[in-house]
A.B. asks: 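This structure is in C-alpha cells; I'll ask about it shortly.
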Number of protein chains: 2
Amino acid sequence: MRQKRVTLSDVAREAGVSRTTASFVLSHQDSKRISADTQDRVWEASRKLGYRPNLAARSLRVNSTMTIGMISDRIAATQYAGEMVRGAIEAATRTGRVLLIAETEDESADGAEHIDAMLDRQVDGLIYGSMYTREVEPPVSLRSVPHVFLNCLPPGNDGPAVIPDEAEAGRLAAATLLDAGHTDRVYYIGGRHLTADKPGGIFAGHERARGIAEAFAARGLSLAGTAECEWVPPEGYRVAREVLRTDLPPTALICANDRLALGAYQALQESGFSIPGDVSVVSFDDSELAAWMRPALTSIALPHYDMGAKAVELVLGNQREAAVHRCPMPCSTRESVARPR
Amino acid sequence: MRQKRVTLSDVAREAGVSRTTASFVLSHQDSKRISADTQDRVWEASRKLGYRPNLAARSLRVNSTMTIGMISDRIAATQYAGEMVRGAIEAATRTGRVLLIAETEDESADGAEHIDAMLDRQVDGLIYGSMYTREVEPPVSLRSVPHVFLNCLPPGNDGPAVIPDEAEAGRLAAATLLDAGHTDRVYYIGGRHLTADKPGGIFAGHERARGIAEAFAARGLSLAGTAECEWVPPEGYRVAREVLRTDLPPTALICANDRLALGAYQALQESGFSIPGDVSVVSFDDSELAAWMRPALTSIALPHYDMGAKAVELVLGNQREAAVHRCPMPCSTRESVARPR
DNA sequence: CTGAAAGCGCTAACAC
DNA sequence: GTGTTAGCGCTTTCAG
C-alpha cells in the first residue's frame with residue numbers, strides 16, 4: 001500500500017526543468033516569468049504523473065496548512081447543532097480547506113489538550129464552539145492562533161463570536177401571535193430554563209423571554225403569564241395542563257422549544273382543545289419534530305448551518321475585532337397558528 | 001499573533017545539548033542511551049520553554065501525521081448518524097490522533113476530491129462512510145491509503161467494513177414479541193422501504209425483514225402480514241389504520257423505525273386501542289423520540305457510536321482483510337410491549 | 001553517551 | 001527565463 005507519491009522532483013525531471021521552475025509553474029499559475037512552452041511541459045508532466053503537492057511539506061515553508069480546527073464540547077453528534085459542523089465543513093471546503101475536529105464530550109472541560117493537538121498540527125485557525133449558547137472560559141493557548149467563538153461567548157467578549165439572535169427570535173414569535181390577533185391571553189411556556197444544575201437559566205431562555213416581553217411591551221400589551229420549567233416534553237404536558245386550568249385560559253402558547261410543544265400538544269388534545277382552533281402554538285428550534293406533529297408546528301429555527309459557515313468565514317478573514325455576530329433565526333410557518341375565536 | 005513557536009533547537013540550546021540529543025530524549029523516552037542527568041536537563045528546558053513538537057515537520061520524516069480522515073455523504077449533521085463521528089473522534093483521541101472531516105452532501109458523489117484533499121495532507125488512514133447503510137462505489141484513490149468502510153459496503157466487499165447487524169436486530173424484534181406471547185397477529189410495518197427513488201428498497205429494510213421472518217420461521221410461525229410503505233410518520237398512520245381494519249386485527253406491530261411508530265401510535269390512539277394493552281409495538285432506531293412517546297417505545301438502536309469507534313480501530317490496526325464487521329444492535333426496552341389479552 | 005550531517009518535499013531569495 | 005541554494009523543524013543513521 002501507500003506507494004511512493006509523485007514529488008515535485010519527479011515532475012521537474014519528467015519536464016526537463018528544475019524543481020524551482022516546476023514549483024513556480026504549479027503554484028503561481030499566473031506568473032508570466034516562465035515561457036509558455038515550459039509551462040505547458042510542466043503541466044503536462046504533472047498531469048501525466050498524477051502529481052499532487054505534499055501539503056505537509058509545503059506548510060513547513062509557507063506557514064499555512066489550509067486546515068482549520070474546530071473544538072467543542074459536543075457538537076457533531078448533537079441533534080441539531082450538528083448542522084454547525086456541516087456549515088463549517090462546507091465553508092471550509094469552498095476555499096480548499098479541510099476541517100480538523102475534536103470534542104471534549106464535557107461542557108466543563110476547556111479543551112486545552114485538543115487545542116494543543118491542533119496547534120501541533122499547525123492549523124490556520126480555530127473555531128471554539130458549544131452545543132448550546134453559553135459563556136465559556138477558553139484556555140489561553142487559544143490566543144496563539146486566529147479563532148472565533150461559535151455559539152458561545154468568552155468572558156468580556158474578547159474575541160469574535162457567532163451566536164443566534166435569540167432576542168429577535170423572541171420578538172418574532174410574539175409578533176406572529178400578535179399579528180394573528182392574540183393580545184391578552186398568551187402564555188410563555190418554558191421560561192429561562194431554570195434547572196437544578198443551571199439555576200441562573202440559559203442564554204436562549206433569557207433572550208427569548210426578553211424578546212417576547214419587548215414585543216408585547218412595544219404594543220402596550222403584556223403576556224398573560226410565564227411558566228418556568230425544564231424544556232422537556234413531560235414538563236410541557238404538566239405546565240400546559242396547569243395553564244389550561246387558570247381563570248384566564250390561553251388562546252395561544254409560546255413554547256420555548258419543540259419538545260415542550262410536544263408535551264403541550266398532548267395536554268391540549270387530551271383536554272379537548274383543538275389546535276389552532278382553540279389554542280395557537282408557536283415554538284422554537286424547528287426540529288424535524290415540528291414538521292411531524294399534527295397539526296404541523298410553527299417554529300423558529302436555530303440557524304446552525306449559517307452559524308458554522310459564518311464562523312469559518314470570520315476565522316479565514318482573520319477577524320481581529322471582538323464583534324459578536326448575531327445570526328437571524330427564521331420562522332417556519334406551519335399550521336399551528338390561527339386567529340383567536 | 002501567531003508568535004514564533006519554540007522549536008527543538010531552542011530546547012537544545014537551553015539545555016546545552018545538540019538537537020539530536022534533545023530529539024532522542026523527547027521522542028524515545030525509554031531510551032537509556034542518554035545519561036539521566038542530560039535527560040533531566042532536556043525535559044526541564046522543554047517544560048520551561050513550553051516546547052511542543054511541530055507535527056507537520058515530524059511527519060515529513062516519519063511518514064505519519066497522527067491524523068485520520070473521515071469522508072462521508074452526510075454524517076455529521078445527521079440526526080443519529082452523527083454519533084458515528086463522535087465514536088470516531090473519541091477512538092482517535094484515545095490514541096493521540098485527530099480527525100479530519102469532509103462531506104460530499106450528496107450520496108451520489110464519490111468524494112474523490114475530498115479524498116485527494118486528505119491524501120495531500122498525508123492522513124494515516126481514511127474512513128469512508130455513509131449516513132445510511134448501502135453499497136457504495138468509492139474512487140480508486142481510496143486504495144492508496146489504509147481505509148475502512150463505515151456503514152457502507154464496497155462492491156465485492158474488497159475492504160474492511162463496519163455495518164450494523166440488522167438481521168440479528170430483526171430477529172431480536174420478533175423474539176421480543178414472540179417471547180411476550182404474540183404469535184399469530186403480528187404485522188411488520190414499513191417493509192423494505194421501497195420508494196420511488198429506491199425501488200429496490202434499502203439494506204436495513206431487507207435485513208430487518210429477513211431477520212423477522214427467520215425468527216418466526218424458527219418457531220414454525222409466520223407474520224400476519226407486512227405493509228410496504230415509506231418510513232415517515234404519515235405513512236405509519238395510514239398503514240396502521242389499514243391494518244387495524246383487517247379481519248385479523250393485530251395484537252402487535254413491528255415498525256421499521258420510530259417515525260413510523262409515531263404515526264402508528266396516532267392511528268392506534270385515534271381508534272381507541274390502548275398501547276400496550278390492546279396492541280404492543282416494537283420499533284427500530286431508538287431515537288430520542290422513542291423515549292418521549294407515551295407510552296415510551298421499545299426500540300432497537302443503531303449502534304452508531306460503536307461503529308464509528310470500531311472503524312477507527314480497524315483503520316489504525318491497518319486491517320488488511322476484507323472482513324465485514326457487524327455491530328450488535330441493542331434493544332431499549334420500555335413500556336410498549338405486554339402480553340396479548 | 002553525544003553530536004555532525006543528511007534529508008523528508010517544498011518554496012523563494014538571489015544569482016546567472 | 002531558468003537554476004542554485006538555503007532552509008522550514010524534525011528524525012536518524014553513523015562516527016566519534
Side-chain angles (χ1 to χ4, degrees), chain A residues 2-43 45-46 49-67 116 119-124, chain B residues 2-43 45-46 49-67 116 119-124:
Chain A
R2 196 183 266 293
Q3 61 251 26
K4 273 241 149 331
R5 262 173 83 110
V6 175
T7 79
L8 187 61
S9 299
D10 297 330
V11 175
R13 191 177 323 114
E14 174 78 20
V17 299
S18 73
R19 262 155 64 235
T20 308
T21 305
S23 171
F24 245 92
V25 174
L26 265 20
S27 319
H28 327 275
Q29 52 270 65
D30 49 325
S31 172
K32 287 272 167 283
R33 279 184 50 181
I34 313 289
S35 69
D37 179 59
T38 306
Q39 298 210 26
D40 286 351
R41 286 215 316 287
V42 171
W43 278 113
S46 162
L49 265 30
Y51 171 72
R52 303 228 95 219
N54 178 330
L55 260 32
R58 193 212 300 266
S59 76
L60 215 48
R61 287 295 315 213
V62 299
N63 235 351
S64 160
T65 51
M66 296 296 274
T67 298
D116 284 347
L119 257 23
D120 293 351
R121 288 167 180 81
Q122 317 297 118
V123 291
D124 295 339
Chain B
R2 196 183 268 291
Q3 61 251 29
K4 272 244 151 328
R5 261 172 84 110
V6 176
T7 78
L8 187 61
S9 298
D10 297 330
V11 175
R13 190 176 324 112
E14 174 78 21
V17 300
S18 72
R19 259 154 66 236
T20 309
T21 303
S23 172
F24 250 90
V25 173
L26 264 20
S27 319
H28 329 275
Q29 50 273 67
D30 49 325
S31 174
K32 287 273 166 284
R33 279 184 50 181
I34 313 290
S35 70
D37 179 58
T38 305
Q39 297 211 26
D40 286 350
R41 285 215 316 288
V42 171
W43 280 114
S46 161
L49 266 30
Y51 171 70
R52 303 228 95 219
N54 178 330
L55 260 31
R58 195 211 301 267
S59 76
L60 215 47
R61 287 294 314 209
V62 300
N63 234 347
S64 161
T65 50
M66 295 297 273
T67 297
D116 284 346
L119 257 24
D120 293 351
R121 287 166 179 82
Q122 315 298 116
V123 290
D124 295 339

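Every chain is numbered from 1 and lettered A, B, ... according to where its sequence line falls, protein lines coming before strand lines. Predicted model, so just to flag it, every value in this text is computed and none were measured.
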A.B. asks: May I ask you to verify if any side-chain N or O of A:Thr38 is less than 4.0 angstrom from the OP1 or OP2 atom of D:dG1?
C.D. replies: no
A.B. asks: Name all residues meeting the side-chain hydrogen bond (donor to acceptor under 3.5 Å, both in side chains) criterion together with B:Arg52; count only those two or more places apart in sequence or in a different chain, and write none if there are none.
C.D. replies: A:Asp120
A.B. asks: Note down the inter-axis angle between the two ends of the helix from C:dC1-D:dG16 to C:dC16-D:dG1, five pairs each, to the nearest 10°.
C.D. replies: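 For the helix from C:dC1-D:dG16 to C:dC16-D:dG1, the axes at either end differ by 50°.
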A.B. asks: Going 5' to 3' along nucleotides 9-16 of chain D, which nucleotides have protein heavy atoms under 4.0 Å from the base (write B), which only from the sugar-phosphate (write S), and which from neither (write -)?
C.D. replies: BBBBB---
A.B. asks: Considering residues at least two apart in sequence or located in another chain, which fulfil the side-chain hydrogen bond (donor to acceptor under 3.5 Å, both in side chains) criterion with B:Thr21?
C.D. replies: B:Ser18
A.B. asks: If only atom types and distance count, is the side chain of B:Asp10 paired as donor or acceptor with the main-chain N or O of B:Thr7 below 3.5 Å?
C.D. replies: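 Answer holds: yes.
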A.B. asks: Could you check how far CG of B:Asp40 sits from C1' of C:dC1, rounded to whole Å?
C.D. replies: 15 Å
A.B. asks: Does the side chain of A:Val42 come within less than 4.5 Å of A:Leu26's, by heavy atoms?
C.D. replies: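 Yes; the side chains approach each other to less than 4.5 Å.
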A.B. asks: Tell me the interatomic distance from B:Arg41, atom CZ, to C:dG3, atom C1', rounded to whole angstroms.
C.D. replies: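 Interatomic distance, CZ of B:Arg41 to C1' of C:dG3: 14 Å.
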A.B. asks: Calculate the interatomic distance between B:Gln122 atom CD and C:dG9 atom P; express it in whole Å.
C.D. replies: 9 Å
A.B. asks: Could you tell me how far apart B:Gln39 (CD) and C:dT2 (C1') are, to the nearest whole angstrom?
C.D. replies: 12 Å
A.B. asks: Mind checking side-chain hydrogen bond (donor to acceptor under 3.5 Å, both in side chains) for A:Ser46 and listing every partner two or more places apart, or none if nothing turns up?
C.D. replies: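 Applying side-chain hydrogen bond (donor to acceptor under 3.5 Å, both in side chains) to A:Ser46 gives none.
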A.B. asks: Using only heavy-atom distances, determine whether the side chains of B:Ser35 and B:Thr38 contain a donor-acceptor pair under 3.5 Å.
C.D. replies: yes
A.B. asks: Quick one: list whatever passes side-chain hydrogen bond (donor to acceptor under 3.5 Å, both in side chains) with A:Arg58, sequence neighbours left out.
C.D. replies: none
A.B. asks: If you measure only the distance, is there a donor-acceptor pair under 3.5 Å linking the side chains of B:Thr65 and B:Arg121?
C.D. replies: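 No pair is found: no donor N or O on one side chain lies under 3.5 Å from an acceptor on the other.
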